[in-house]
Amino acid sequence: MKEKETPLKQTEEELVFSQESAHLEEIRQMIALELTEAERAVEQMDAEYREAQLYMAEHHGEGDAKEMFQSEMALRQIDSLGSSAVVFRDKLKKTQSSPYFARIDFRPQGEKEASPYYIGLYAFHHQKQLMIIDWRAPVASMFYDFELGHAFYDAPKAHVEGELVLKRQFKITDGKLEYAFDSSQNIQDDILQKELAHTSDEKMKSIISTIQKEQNQIIRNEKAHTMIIQGVAGSGKTSIALHRVAFLLYRFRNTIKAQNVTIISPNKVFGDYISGVLPELGEEPIFEASLEDLALVQLEEGVDFIGERDTLETPDKAYQERARYKATGEFAQRLMEFAGEIAQVAFEAQDFLFESFCVPADWIQSRVEIYQNRPLLKRLEEVADDIHSRLENEFLREEKPPHRNRILQSLKKMLRFKTTLSLYREFFRREGKKNFYVPVQKGVVEWEDVYPYLYLQSAFSGLQESRLIKHLVIDEMQDYTPIQYAVLNRLFQCPKTILGDFGQSIDPNSLTTLSSLSSIYPEAQLVRLEKSYRSTYEIIHFAKGIVSQQDFQAVERHGEKPHLFTFEKEEGEVSFLADKIREFYEGEYNALGIVTKTNRQAKELFEKLKDQCPKLHLISPESQSFQNGAVILSVQMAKGLEFDEVVVPFSEKGNYFTDFDRNLLYVACTRAMHKLSLSCTGEPSSLLPKGEEP
């Protein structure tokens, strides 16, 4: 049975509010003192930096090199200290506005008294005393994981058991206490409801005050080398992954920094949308990249590619067949087997002759096999060194052996295939699928060939494997093919957080499943998030009717039922959409998403509406950033985003009719937080839930 908050008498409520308001004021005064000192430190560092710069400018060319080097080093040290001082000052400013969001009182076993812990975004010390603990600290985990009673936490050096005697949650805005109440629930439903009922922000925000128990266990998991998060729409999986990154940066701050983390995201708009989460949590932004970005860095000189086609707008059946084949696990397996035999396929050892001395072909071939863990061209460099050493050791006369480069050139002449591209073509010939490799022009391949090519390149000439990246986040996991995962695993041999929802696959050629992904990462820890927090109960109920196999729960937050509006002519539907946009700008919501099936539809609709609605924006694959307001975008561009209100136009039978179109409608509808409308010209799609029409 659901447990409710501990009721407090009016006098008790007033007493708690009064006491906590007084405590908040004390903390804010402490922060003000620390902030004054921090401002003074920043000003001092700034003055010292300017003074050092001036000294170096006035004495440029004077003194010895050693003195100038020491001056430069001193300048760098001041700059570094100054940057740290600015970061500390800025954290204090944020802390002053909302110092903490919760309090727990915990009595360890064997102790008579419980100690209070105030939990905030950042830790705060005053006069060497810890006044606020960071939400990522071990003791703070009890706030998320336990109700009143027996509780424990795992510190780095100890396991601590005891009793949680108080849980109190606060809302502090601009330094003012709005409410404070006690709870025996791990997170109060009332507070969660209030947070979820808010209108959307311009970008994704942190969720530290409403993290649920199952989410907290994912965030604080520091043992899993690879974690796969399968989460339904609105379950907060991307936010959880970013909070996990923030936790790992805190937990392992001596060995991993923000520059050691990368996130693979679907497009620039989504990357911009999530870019504020880590800075809000007090961490530096992490590097965000797409598969195209990685390919541009890795591809050999002379090889280029065209961007990914919109599969929903490509009638070319032969292309569809090629793309679907290259997305299969069977294709990946065959290509990996081919790459594993590259020494036999691409190299034919011959005797190496120098003067009267001969290095036998079978000896050369055996040396090539010994270095099997390296790309073939790198192996030949090693073998060239081995031949050089052998000649040095065994050649009896006074003459020097040939230079290593000369030996290497001789070995390269033994290659049957000189380039990765020629090898890639040979693979399809051997598979009996020559027509599945269709270059756009010389040296330019289709997008679907890029990662298979890169995998073969890794075996032939090599890839630039990243040693800097110590944790990789892969978002929208359902959109990647097995061979793309194989390349990512070669580029980033580090722990990974992989997340997505296989119910939101929007590429009909993508055949990756949760089962096939688990086979790629057999040692991964799989977690499922089945509760949706984004949308109202009514919206989730409607979306579940589209994809009946989706078995997930909705938070009991209620709102309007979704509405379907039908029109006899398209002009009427377009006029309706224009009215919707005007109503939105007169209302209370911050974000309206008009989500079309394809990018072409989005562009065409934007052209029809832009003169009537000058504030309307278009988000396309070429867009670089996300913005609030009224926007038109495709399902592809809407993935991962959320809007206060969503309208799904062109929901007629002729536009959404295949089983795969169910996924597209599901994704479009689950972008809505508070309000969902659909419109169509003519007969509605049969994929829509029956009985939902007004």
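In what follows, residues are counted from 1 in the order of the sequence shown.
E330 and T328 are not linked by any side-chain donor-acceptor pair at a separation below 3.5 angstrom, with hydrogens and angles left out of the test. Checking D501 against Q478 by side-chain atom types alone, no donor-acceptor pair falls below 3.5 Å. Under 3.5 Å, the side chains of S265 and E288 contain a donor-acceptor pair of N or O atoms. Under the 3.5 Å distance criterion, with hydrogens and angles disregarded, a donor-acceptor pair is assigned to the side chains of Y521 and N489. Residues E523 and H225 bring no donor and acceptor atom of their side chains to less than 3.5 Å of each other. Between the side chains of S516 and T513, at least one donor-acceptor pair of N or O atoms lies under 3.5 Å. In this model, a donor atom of one side chain and an acceptor atom of the other lie less than 3.5 Å apart for E300 and T420. Checked by atom type, the side-chain pair S620/N599 shows no donor-acceptor distance below 3.5 Å. Side chains of T226 and Q525: a donor-acceptor N/O pair is absent below 3.5 angstrom, by distance only. A donor atom on one side chain and an acceptor atom on the other are found under 3.5 Å apart for S422 and T419.
Applying the ring-ring contact (aromatic ring centres under 6.0 Å, His included) rule to pairs touching residues 438-457 yields F305-W447, W447-Y451, sequence neighbours excluded.
Atom CZ of R334 sits in a sparse spot, with 12 or fewer heavy atoms from other residues, nucleotides or ligands closer than 6.0 Å. The environment of NZ in K378 is sparse: at most 12 heavy-atom neighbours from other residues, nucleotides or ligands sit within 6.0 Å. Taking a 6.0 Å sphere around CD of Q493, one finds it holds more than 12 heavy atoms contributed by other residues, nucleotides or ligands.
The pair R379-E382 does not count as a salt bridge, with every side-chain nitrogen at least 4.0 angstrom from each carboxylate oxygen. Ion pair E222/R220 not flagged as a salt bridge, since none of the NZ, NE, NH1 or NH2 atoms sits closer than 4.0 Å to an Asp/Glu carboxylate oxygen. Note on D507 versus R309: no salt bridge recorded, every NZ/NE/NH1/NH2 to OD/OE distance being 4.0 Å or above. Classification of R322 and E446 as a salt-bridged pair holds, one side-chain N sitting under 4.0 Å from a carboxylate O. Using a 4.0 Å cut-off between charged side-chain N and carboxylate O, K639 and E476 make a salt bridge. A salt bridge is defined here as a Lys NZ or Arg NE, NH1 or NH2 lying under 4.0 Å from an Asp or Glu carboxylate O, and E283 with R136 meets this definition. A salt bridge links R534 with E642; the closest basic N to acidic carboxylate O contact falls under 4.0 Å.
Between Y144 and I211, the closest heavy-atom pair is CD2-O, 3.3 Å. Taking all atoms of both residues into account, the shortest heavy-atom contact from I520 to P482 is CD1-CA, 3.9 Å. Shortest non-hydrogen contact noted between S505 and S510 is OG-CB, 4.3 Å. When all heavy atoms of Y666 and T670 are compared, the pair lying nearest together is O-OG1, 2.8 Å. Of all heavy-atom pairs spanning L299 and V450, the tightest one is CD1-CG1, 4.5 Å.
Checked against salt bridge (charged side-chain N to carboxylate O under 4.0 Å, His left out), K237 has no partners two or more places apart in sequence or in another chain. Take D310 and apply the salt bridge (charged side-chain N to carboxylate O under 4.0 Å, His left out) test, not counting sequence neighbours, and it matches no residue.
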- prompt: Stepwise, does the side-chain contact (heavy atoms from CB on, under 4.5 Å) test hold for L335 with I483?
  reply: CA-CA 9 Å; L335 185 65; I483 200 65; 3.8 Å; yes
task: Go through the steps to decide whether T596 and L633 satisfy the test side-chain contact (heavy atoms from CB on, under 4.5 Å), and finish with yes or no.
output: CA-CA 6 Å; T596 63; L633 71 173; over 6 Å; no
D449/Y424 under side chain to side chain donor-acceptor pair (under 3.5 Å): CA gap, chis, key distance, verdict: CA-CA 9 Å; D449 288 307; Y424 190 54; 2.6 Å; yes
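Between Y437 atom OH and F428 atom CZ the span is 8.5 Å, to the nearest 0.5 Å. Atom CG of L456 sits about 8.5 Å away from atom CZ of F427, to the nearest 0.5 Å.
Residues I228 and L514 form a side-chain contact, since some pair of their non-hydrogen atoms from C-beta on lies under 4.5 Å apart. Put simply, the side chain of Q298 reaches to within 4.5 Å of the side chain of Q464, judged on heavy atoms. In this structure, the side chains of Y319 and V438 stay at 4.5 Å or more apart for every pair of heavy atoms.
Between F331 and Y325, the ring planes are perpendicular. Angles over 60° get that label, and only those under 30° would be called parallel.
Of the candidates Y100, F101, W135, S209 forms a side-chain contact (heavy atoms from CB on, under 4.5 Å) with just one, namely F101.
With a 6.0 Å cutoff to the six-membered ring centre and a 45° limit on the axis angle, R253 counts as a cation-pi contact of Y250.
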